[in-house]
Amino acid sequence: MKFRILDHDTASAARRGEILTDHGSIQTPVFMPVGTAGAVKALHINDLKDKLDAKIMLGNTYHLFLRPGLDVLSAAGGLHKFNGWDRAILTDSGGYQVFSLAGTRKIKEDGVIFQSHIDGSRHSFTPENTVDTQRIIGGDIIMALDECTPYPCDYDYASKSLDLTHRWLKRAWHHFQNTEPLYGHSQSFFPIVQGSVYGDLRMKSAEVIAETGAEGNAIGGLSVGEPAEMMYEMTEKVCAILPADKPRYLMGVGTPANLLECIALGIDMFDCVMPTRNGRNGMLFTSQGILNMKNEKWKNDHSPLDPEGTSFVDQAYSRAFVRHLFVAGEMLGPMIATVHNLGFYLNLMKEVREKITEGTFAGWKNVMVTKLQQRV
RNA sequence: GGGGAGAUUCCAGAGCGGUUAAAUGGGGCAGACUGUAAAUCUGUUGGCGUAGCCUUCGGAGGUUCGAAUCCUCCUCUCCCCA
């Protein structure tokens, strides 16, 4: 993987860059659609590629490990061959599941013992075996196993958890450097900053992560329920320490406004289930703001889904029709919403890149943040 | 023509003397969702001046301190036999 910065914004820490992987180049800032189980829900892989022109998608180690399992992925020759996506893939380590499946897991020094949400079977994730698993899945970028702490989280717990995440990182990094990719393309390893909402812990973590010398760095444990201002504050502190010549990836963020604010702080990469999940549940992010497609007010609104939208569904379908699909429980509704929302996010990132190159990003961002948060 | 069953809040359908503005499901309306246990979950759904009051369980009477619940008649549905 190679990263180079092409332009800097004049009035913020935003930058435009390019990541080169063996599965193509990625313009940053980038939003990466989440395809947990190897597929973006309600979306064809071909639409993700040809219609939306996404350059990278996510997969999840925990989910793919449980289903279809490593034997199948290995026999397929990795996830790229298995799902037919020939562009870049980033896999999460399962660290988020340490957080989201809190009821069915146990954290130990060695790693995490999980109970499968599918059949209750017990499995153990360690810093080492999650690297191995991600070698088998074959993502272009793979993540360190971390503990994503909840919010709120007391200082003592956050501090101890952070130390564990750092010890895990040391082991994972060592293992990563002593193992090889399996399918002929290179893989990059990203460590993850933790530290909850405590500035000193975040800064300490950022230093540890920066020292690792990985090709890119991630920030985790944010957007788990804390106020947005707190998230921005932590992001800003961390970005000041993480190396400027490497991509910074803010995990699990966020709303369109979140993205713009964090880009201004120096973030290059994002992923989030929001455009896909909320889309399936009827929430559309549009150039006019946020709208709930299920609301009665769209019943007879026969205007385009998003008059300023750039994806193919935006002019092709009316709000009235899409509302009808949601109300009737037709699966085409979630499918259209998914295309629209991802199209909106991806196009927003394209605009961001143009504004950074023009040097007008910061001012434009402030106008957009207000606009995009409005309820339509 | 004979015999039987039943009419409940938008719908279906409980309730069978007070704890019932009335279970439950559906539908409607609204909300939530941030490294996906999610095509999911939650709230709400007679009216109003909402710690209270008013109107409501086919219609009209009646019994009772009190009726969606018991009695009488009426109207209308459905099923079986001829």
Side-chain angles (χ1 to χ4, degrees), chain A residues 31-43 56-64 66-67 90-105 114-120 130 134 139 141-151 165 190-194 218-228 230-231 235 249-259 261-262 267 269-285 290-299 323 325-338 341 345 375:
Chain A
F31 178 81
M32 308 181 285
V34 179
T36 304
V40 176
K41 295 183 197 299
L43 189 68
I56 178 168
M57 69 176 283
L58 252 71
N60 187 288
T61 300
Y62 169 81
H63 297 265
L64 291 167
L66 292 180
R67 268 192 315 217
L90 182 152
T91 51
D92 186 24
S93 62
Y96 187 74
Q97 279 64 45
V98 177
F99 159 72
S100 67
L101 300 173
T104 56
R105 57 103 260 220
F114 278 107
Q115 218 170 332
S116 159
H117 69 279
I118 300 161
D119 62 6
T130 47
Q134 292 182 91
I141 298 171
I142 71 177
M143 303 302 300
L145 182 68
D146 63 336
E147 182 189 357
C148 177
T149 50
Y151 178 83
T165 289
F190 283 23
I192 304 169
V193 173
Q194 286 291 340
I219 305 169
L222 291 176
S223 64
V224 289
E226 79 284 1
M230 224 172 230
M231 170 173 86
T235 300
Y249 166 27
L250 181 56
M251 308 184 77
V253 174
T255 65
N258 290 160
L259 265 55
E261 294 292 6
C262 293
I267 298 293
M269 305 164 70
F270 300 91
D271 80 282
C272 191
V273 302
M274 194 170 265
T276 47
R277 179 193 284 166
N278 290 30
R280 289 196 305 283
N281 293 332
M283 183 186 277
L284 263 60
F285 299 94
I290 297 167
L291 64 90
N292 184 343
M293 219 50 242
K294 296 189 218 175
N295 286 172
E296 189 174 28
K297 57 185 160 189
W298 313 121
K299 193 171 186 175
R323 167 182 142 90
L325 294 175
F326 270 103
V327 168
E330 288 290 332
M331 61 174 82
L332 183 57
M335 290 167 70
I336 289 170
T338 298
N341 276 351
Y345 268 63
R375 295 278 171 165

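We name chains A, B, ... by the order of the sequence lines, and we start the count at 1 in each one.
Counting only heavy atoms from C-beta outward, the side chains of A:T255 and A:M274 approach each other to under 4.5 Å. A 4.5 Å side-chain heavy-atom check between A:M283 and A:I290 finds at least one atom pair inside the cut-off. For the pair A:T91/A:N60, no side-chain contact is recorded, criterion being any heavy-atom separation below 4.5 Å from C-beta on. Two residues are said to be in side-chain contact when any heavy atoms from C-beta on lie closer than 4.5 Å; A:Y151 and A:P227 meet this criterion.
Among the heavy atoms of the strands lying under 4.0 Å from A:L58 are primed sugar atoms or P, OP1, OP2 only; no base atom is included. A:G221 comes within 4.0 angstrom of a nucleotide base, judged by non-hydrogen atoms across all strands. Within the nucleic acid shown, A:D146 comes within 4.0 Å of at least one base atom, counting heavy atoms only. Using a 4.0 Å heavy-atom distance criterion, A:Q194 is classed as a base contact. When heavy atoms are screened at a 4.0 angstrom cut-off, A:T276 is found touching base atoms of the nucleic acid.
Among B:A37, B:A39, B:U36, the nucleotide with an atom closest to any side-chain atom of A:D92 is B:U36. In the set B:U36, B:U34, B:C33, B:U36 carries the atom at the smallest distance from any side-chain atom of A:R280.
Residue side chain A:N258 reaches the base of B:U34 through a donor-acceptor N/O pair under 3.5 Å, judged by distance alone. The base of B:U36 lies outside donor-acceptor range of the side chain of A:S100, with no N or O pair under 3.5 Å.
Judged by closest nucleotide on RNA chain B, A:A228 is the one of A:T104 and A:A228 placed further toward the 5' end.
With a cut-off of 3.5 Å on both pairing distances, the Watson-Crick or G-U wobble partner of B:G25 is B:C11. Within the shown strands, B:C81 is the pairing partner of B:G1 under the Watson-Crick or G-U definition, both distances less than 3.5 Å. With both pairing distances under 3.5 Å, B:G6 is matched to B:C76 as a Watson-Crick or G-U wobble pair. Pairing of B:C65, defined by two Watson-Crick or G-U wobble distances under 3.5 Å, is identified with B:G18. Using the Watson-Crick or G-U wobble rule with both distances under 3.5 Å, B:U42 pairs with B:A30. As the counterpart of B:U55, no nucleotide is assigned, since no Watson-Crick or G-U wobble pattern has both distances under 3.5 Å.
The separation between A:L145 atom CG and B:G35 atom P is 18 Å, rounded to whole Å. Put simply, CE on A:M231 is 13 Å from C1' on B:G35, counting in whole angstrom units. Between A:M57 atom CE and B:U36 atom C1' there is a gap of 12 Å when expressed in whole angstrom units. Separating the CG atom of A:N60 from the P atom of B:G35 is a distance of 11 Å, rounded to the nearest angstrom. The distance from atom CZ of A:F99 to atom C1' of B:A38 is 14 Å, rounded to the nearest whole Å. With rounding to whole Å, A:M274 atom CE is found 13 Å from B:A38 atom C1'. Computed from coordinates, the A:M269 CE to B:U34 C1' distance equals 17 Å when rounded to whole Å. Put simply, CG on A:L43 is 16 Å from P on B:U36, counting in whole angstrom units.
Distance noted for atom C1' between B:G52 and B:G61: 32 Å (whole Å). B:U50 and B:U63 have their C1' atoms separated by 35 Å, with the value rounded to a whole Å. Distance noted for atom P between B:U56 and B:U72: 24 Å (whole Å). Across B:U55 and B:A14, the matching P atoms stand 29 Å from one another, rounded to whole Å. Comparing the P positions of B:A12 and B:A37 gives an interatomic distance of 41 Å, to the nearest angstrom. For the C1' atoms, the distance from B:C16 to B:U75 is 23 Å, rounded to whole Å. Only the P atoms considered, B:G15 is 12 Å distant from B:G6, to the nearest whole Å. Nucleotides B:C53 and B:G17 have their P atoms positioned 26 Å apart, rounded to a whole Å.
Checked against the 6.0 Å centroid criterion, the rings of A:F270 and A:F31 do not qualify as a close aromatic pair. In summary, the aromatic rings of A:F114 and A:Y62 are positioned with their centroids under 6.0 Å apart.
Residues satisfying the side-chain contact (heavy atoms from CB on, under 4.5 Å) test with A:R280, not counting sequence neighbours, are A:K41, A:A42, A:T276, A:R277, A:P334, A:T338. Considering only residues two or more places apart in sequence or on other chains, A:E261 meets the salt bridge (charged side-chain N to carboxylate O under 4.0 Å, His left out) condition with A:K365.
Distances shorter than 4.0 Å separate some side-chain N or O of A:T36 from OP1 or OP2 on B:U36. Phosphate contact (OP1/OP2 of B:U40, side-chain N/O of A:R277, threshold under 4.0 Å): absent. At the phosphate of B:U36, OP1 or OP2 sits under 4.0 Å from a side-chain N or O atom of A:Q97.
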Going 5' to 3' through nucleotides 24-32 of chain B and flagging B where a protein heavy-atom sits under 4.0 Å of the base, S where only the sugar-phosphate is that close, and - otherwise, we get ----SSSSB

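Under the 3.5 Å distance criterion, with hydrogens and angles disregarded, a donor-acceptor pair is assigned to the side chains of A:Y249 and A:D271.
To the nearest 0.5 Å, atoms CE (A:M143) and CG (A:L90) are separated by 6.0 Å.
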